[in-house]
Structure formats: structure tokens, C-alpha cells
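To start, the structure under review is shown below, and the notes come after it.
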Amino acid sequence: MAESGSSAEFSSSLTSSSLPPPRTRIFKIIVIGDSGVGKTCLTYRFCAGKFPEKTEATIGVDFRERLVEIDGENIKIQLWDTAGQERFRKSMVQHYYRNVHAVVFVYDITNAASFHSLPAWIEECKQHALGTEVPRILVGNKCDLQDSVQVNTDLAQQFADAHSMPLFETSAKNPNSQGDRNYGNSDHVEAIFMTVAHKLKSQKPLVLSQPPEASGGTINLNRGQDDGGDGTRSWGCTSC
Ligand SMILES: Nc1nc2c(ncn2[C@@H]2O[C@H](COP(=O)(O)OP(=O)(O)OP(=O)(O)O)[C@@H](O)[C@H]2O)c(=O)[nH]1
């Protein structure tokens with residue numbers, strides 16, 4: 001499976017071909033869970049290939065994307081990193097639940113409260129028409145902090161089984177992960193998102209456009225700047 005680090009790289013390879021460019025399918029995957037569980041770190045790790053040096057609470061939603069090749073097809077995986085804090089997410093919810101292909105629920109294995117919040121996150125998804133028909137996975141993050149575990153694997157597995165989701169335990173901060181996304185895969189971050197992409201690819205084709213521009217009402221979305229080649233764009237809410 002080959003990977004491409006940027007859409008610019010991809011575009012230049014297309015112009016060298018005499019064939020019309022194929023449409024790139026975009027898979028929109030939303031990443032949901034309490035504040036501080038590591039959603040930003042996991043999505044950054046997959047898209048930029050490393051653990052971020054510093055993160056701040058997400059305001060509204062950030063999306064990061066990465067082009068991958070699966071079975072000869074270029075696919076853009078678009079990860080929507082949602083704010084865990086209620087005050088930073090309330091007016092954005094309607095926007096990021098649209099046209100979702102898969103949902104990744106994240107909890108922190110060192111924080112039992114983040115695990116106990118999962119039913120509420122699942123319920124919120126259901127209220128936005130994202131039930132069991134949409135691929136969903138459960139991720140227990142921060143496995144590098146083994147001395148502080150509050151949610152054991154058996155309990156998490158029971159929960160995952162009860163909700164028909166596969167469970168992955170991982171760490172966005174695996175020491176082998178710095179700087180090279182292909183080096184050291186024992187933490188599963190790569191496997192988690194690629195598993196979802198493979199599953200989506202085998203389902204009916206879906207093509208999405210880029211996220212919507214401001215659509216009126218009381219919500220004002222601001223398109224932010226790229227933050228230095230990691231594929232992140234921010235969609236903040238000025239009314240938060
Ligand atoms: N030890 C360890 N720390 C982590 C890991 N993942 C994230 N963190 C830390 O946990 C804190 C919160 O991480 P974020 O990725 O910002 O959390 P979030 O879920 O995006 O939070 P919100 O944006 O508020 O919803 C940061 O200090 C990270 O450095 C991990 O796998 N291991």
C-alpha cells in the first residue's frame with residue numbers, strides 16, 4: 001500500500017498523465033469523544049506522521065486529510081477532529097454530522113469519566129442519523145500510560161461488543177512514532193484509520209466535495225490557514 005503525503009504531490013502526477021484525472025473519493029470520518037482524550041493527537045499523528053509537540057483545545061472542528069492508495073485507487077481520508085468541550089462545539093454540531101462515512105469514538109484509558117461518556121456520544125450520533133449502519137470504531141487512547149490505567153481492556157471490549165464496534169487500544173504518543181509514519185506500527189494508529197478506509201472502500205462508492213462554506217443562520221464558519229503542511233484546516237465558530 002503506497003502513501004502520498006500531500007495533494008500537491010498527487011496533482012503533479014496527474015498532469016503528467018494523458019488520461020483525464022480520475023475522481024478521488026473522499027471518506028469523511030468524524031472523531032468524537034471527551035475533551036483531552038487525544039483526538040487532535042490521533043488525527044495529527046495519522047495525517048502528519050508524528051505526535052504534535054503542543055495542542056490546544058479544539059474550537060469548533062479541525063479537519064485533516066491524507067491521500068492514500070488502496071488497491072490502486074487514490075482515496076482521500078478526511079478526519080474531522082471535533083471539539084470535546086461543549087462550549088466549543090454546540091453551534092458546530094449540525095455541520096460536522098453531515099455526510100459522514102464513519103465515526104471513531106475515542107476515550108482515554110487513564111480517565112474513566114471519558115469512558116463513561118461514550119453512551120452520550122453514541123446517542124448524539126444516533127440523533128444525527130449515525131447509527132449502526134455507519135461503520136463505527138472504538139479507540140482507547142494513551143496506552144503508553146500503563147501505570148495510570150482506569151479502564152481495563154475487558155470492560156472496554158464488553159462495551160465495544162455490546163455496541164457492535166471493533167475496539168483498538170493505542171497511543172498517539174508511541175515513542176517510535178516521531179517523524180516517520182511508516183516506522184513502528186505497534187501502536188495501531190495507522191492501522192486504525194486504514195481499517196476504516198478499507199471498510200469504506202469495499203462499500204458503495206461515495207464522493208464528497210470539500211466542506212461547505214458558511215450557510216447563513218447564526219453560525220459563522222471561518223476557514224483558517226494551513227498550519228504548516230500537516231494537512232490541518234480549522235473551521236472555527238465566531239459565536240463560541
Ligand atoms: N501520554 C499521552 N498523552 C497524550 C496522548 N494523546 C494525547 N495526549 C495528550 O493529551 C492532551 C490532550 O490531547 P488532545 O489531542 O488535544 O485532546 P482532544 O481530545 O483533541 O481535546 P479537545 O480538543 O479539547 O476535544 C495533550 O496534552 C496531549 O499531549 C497519548 O497517546 N499519550
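Computation of the quantities below employed the complete heavy-atom set of this structure, encompassing side-chain atoms and omitting hydrogens, waters and symmetry-equivalent molecules. In listed order, ligands and their atoms are each counted from 1.
Under 3.5 Å, the side chains of Trp80 and Gln78 contain a donor-acceptor pair of N or O atoms. A donor-acceptor contact under 3.5 angstrom links the side chains of Asp161 and Gln157, judged on distance only. In summary, the side chains of Thr40 and Thr58 do present a donor paired with an acceptor at a separation below 3.5 Å, with no hydrogens or angles considered. Side-chain contact, Asp34 with Ser117: a donor N or O sits under 3.5 Å from an acceptor N or O. In this structure, a donor-acceptor pair under 3.5 Å is present between the side chains of Glu124 and Tyr97.
Not a single heavy atom of Leu42 sits less than 4.0 Å from an atom of ligand 1. At least one heavy atom of Phe51 sits closer than 4.0 Å to an atom of ligand 1.
Only the side chain of Asp144 comes within 4.0 Å of ligand 1, judged by heavy-atom distances. Counting heavy atoms closer than 4.0 Å to ligand 1, residue Thr55 contributes side-chain atoms (C-beta onward) but none from N, CA, C or O. With a 4.0 Å cut-off on non-hydrogen atoms, Val37 touches ligand 1 through its backbone as well as its side chain.
Looking at atom 14 (P) of ligand 1, its nearest protein heavy atom turns out to be Gly38 CA, 3.7 Å. When hydrogens are left out, the protein atom nearest atom 19 (O) of ligand 1 is Lys39 NZ, 2.8 Å; that is the closest non-hydrogen contact. For atom 6 (N) of ligand 1, the closest heavy atom belonging to the protein is Asn141 ND2, 3.1 Å. In terms of protein heavy-atom proximity, atom 31 (O) of ligand 1 is nearest to Ala172 N, 2.9 Å. The nearest protein atom to atom 24 (O) of ligand 1, hydrogens excluded, is given as Ser35 OG, 2.6 Å; this is a heavy-atom distance. Lys142 CE, 3.7 Å is the protein heavy atom nearest to atom 4 (C) of ligand 1.
Side chain of Asn99 to main chain of Lys28: no donor-acceptor pair is present (N/O by atom type, distance under 3.5 Å, no hydrogens or angles).
Considering backbone and side-chain N/O atoms, Ala57 never comes within less than 3.5 Å of an N/O atom of ligand 1. For ligand 1, the polar-atom distance check against Gly36 finds a nitrogen or oxygen pair separated by under 3.5 Å.
Residue contact check: Asp34 has heavy atoms under 4.0 Å from atoms 19 (O) of ligand 1.
Taking the centre of each ring, Tyr96 and Phe63 stay at or above the 6.0 Å mark.
Under a hydrophobic-cluster definition in which Ile, Leu, Val, Met, Phe, Trp and Tyr are linked whenever side-chain heavy atoms come within less than 4.5 Å, directly or via other members, Val149 and Leu145 are assigned to different clusters.
Around atom 15 (O) of ligand 1, the closest heavy atom drawn from Cys41, Ser148, Ser114, Pro52 belongs to Cys41.
Summarising the geometry of His163 relative to Ile122, their closest heavy-atom pair is CD2-CD1, 3.7 Å, with the distance given to 0.1 Å.
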